[in-house]
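See structure below.
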Protein chains: 2
Amino acid sequence: MGELSGDRLIEVLATLASPHRLRVLAALTGGRAYVSQLARDLGISRALLQVHLKKLEKAGLVTAHLELSEDGKALKYYEATPFSLHLTPDVVAVAVTTLSNAGDGDAVPKGNN
Amino acid sequence: MGELSGDRLIEVLATLASPHRLRVLAALTGGRAYVSQLARDLGISRALLQVHLKKLEKAGLVTAHLELSEDGKALKYYEATPFSLHLTPDVVAVAVTTLSNAGDGDAVPKGNN
DNA sequence: GGCTCATGCCAACTATTATTGGCATGAGCA
DNA sequence: TGCTCATGCCAATAATAGTTGGCATGAGCC
């Protein structure tokens, strides 16, 4: 996971920059779990947890797959994806060169100064 | 910079997770600069740049100091702080243990399920 | 004095993200 | 059938973050 684009880098960083998601990830690092179970473990609502799980999944930090329990219930198990990201000023400098101009853009400043 | 608390980790991640701040940091990695100059280089307003610089400074990613130019003008120079942060699931798991319960909290879920 | 350039800061607005509650579905089980 | 448990999703609100423009200050310079 050494060479991600600036956009991907930001996605990953933004995803990790949240207490909830960090806790979710930590919980899953300790072993997989299905949604409702995880919500109970962490003491947060399912709706909230799902939003965070989706963001984590989108960033590629967790993966999900359905599984049938012994009694036939469909459970959605999530598990953490291993990753390794070494951040340094140089890594940042390189990533910036591949940034799409979203959230920025204006090649012509509005006239300050 | 291997052992930061969960709160600090989140602060750093959140600070880096922005195209503007990433660009600012990259620009400063290439050499120090004072505010107005940097704003022109990046093509953004000073007001905007200052906000981002403050956030970067708060997170310890850049430092600032006043300096007098040859003609006596007070210039505020910023420079990038070297850092190295190796992110892995385990690092996250450890960081989580030192998270203050802000933005989370509710030991008792509201009653979902 | 009047012009330029640098800094700092605020009030106001817009855009995003976070969070809650509720509702609907599908499948075992007594 | 009625109850439980799991999933998914949406509409509405709350809370943050991002941006802009303007205004004030201080210091050289013509």
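Proteins come first, then strands; the chains are lettered A, B, ... in the order of their sequence lines, and each starts at number 1. Predicted model, so just to flag it, every value in this text is computed and none were measured.
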For C:dT7, does either OP1 or OP2 sit under 4.0 Å from a side-chain N or O belonging to B:Lys73?
no
Touch class at under 4.0 angstrom, heavy-atom based, for A:Leu75 against every strand present:
sugar-phosphate
Give one of base, sugar-phosphate or nothing for B:Gln37, where a contact means two heavy atoms less than 4.0 Å apart.
nothing
Donor-acceptor pair, A:Thr98 side chain versus A:Gly6 backbone, under 3.5 Å?
yes
Rounded to whole angstrom units, what separation is found between the CD atom of A:Gln50 and the C1' atom of D:dC5?
14 Å
Tell me: CG of B:Leu68 to P of C:dC5, nearest whole Å?
19 Å
In whole angstrom, what separates A:Tyr77's OH from D:dA6's C1'?
11 Å
Could you walk me through whether A:Thr29 and B:Val92 pass the side chain to side chain contact (heavy atoms under 4.5 Å, CB included) test, one step at a time?
CA-CA 9 Å; A:Thr29 297; B:Val92 170; 6.0 Å; no
Between A:Ser18 and B:Ala74, who's closer to the 5' end of DNA chain C by nearest nucleotide?
B:Ala74
If we ignore hydrogens and angles and just use 3.5 Å, is the side chain of A:Arg40 paired with the main-chain N or O of A:Val35 as donor and acceptor?
no
Look at B:His52 and D:dA17 and indicate whether a side-chain polar atom (N or O) is within less than 4.0 Å of OP1 or OP2.
no
Could you tell me whether the side chain of B:Arg21 and the main chain of B:Thr15 form a donor-acceptor pair under 3.5 Å?
yes
C:dT20, D:dT7, C:dT7: which one has an atom nearest the side-chain heavy atoms of A:Ala47?
C:dT20
May I have the distance from B:Glu11 (atom CD) to D:dT16 (atom C1'), rounded to whole angstrom?
15 Å
CG of A:Leu66 versus C1' of D:dA6: gap in Å, rounded?
11 Å
Expressed as a whole number of angstroms, how long is the span from A:Tyr78:OH to D:dG8:C1'?
10 Å
Ranking C:dT7, C:dT19, D:dG18 by distance to the side chain of A:Leu48, first place goes to C:dT19
For the residue pair A:His20 and A:His52, does the interplanar ring angle fall in the parallel (under 30°), tilted (30 to 60°) or perpendicular (over 60°) class?
tilted
Length of the line joining A:Leu49:CG and C:dG21:P, which is rounded to integer Å:
16 Å
Please determine whether a side-chain nitrogen or oxygen atom of B:Tyr34 lies at a distance below 4.0 Å from atom OP1 or OP2 of C:dA6.
yes
Between C:dT19, D:dT20, D:dC29, which nucleotide has the shortest distance from any of its atoms to the side chain of B:Asp71?
D:dC29
Which of D:dG8, D:dT19, C:dT7 is nearest the side chain of B:His20? It is D:dT19
Under 4.0 Å between a side-chain N or O of B:Ser69 and OP1 or OP2 of C:dA6?
no
Check whether any side-chain N or O of B:Ser36 sits under 4.0 Å from OP1 or OP2 of C:dT7, and answer yes or no.
yes
Taking atom C1' of C:dC5 as reference, at what distance in whole Å does atom CG of B:Leu38 sit?
16 Å
Under 4.0 Å between a side-chain N/O of A:Lys54 and OP1 or OP2 of D:dG8, yes or no?
no
Quick check against the 3.5 Å criterion: does B:Arg46 have a side-chain atom that pairs as donor or acceptor with the backbone of B:Gln37?
no
Less than 4.0 angstrom between a side-chain N/O of B:Arg46 and OP1 or OP2 of D:dT20, yes or no?
no
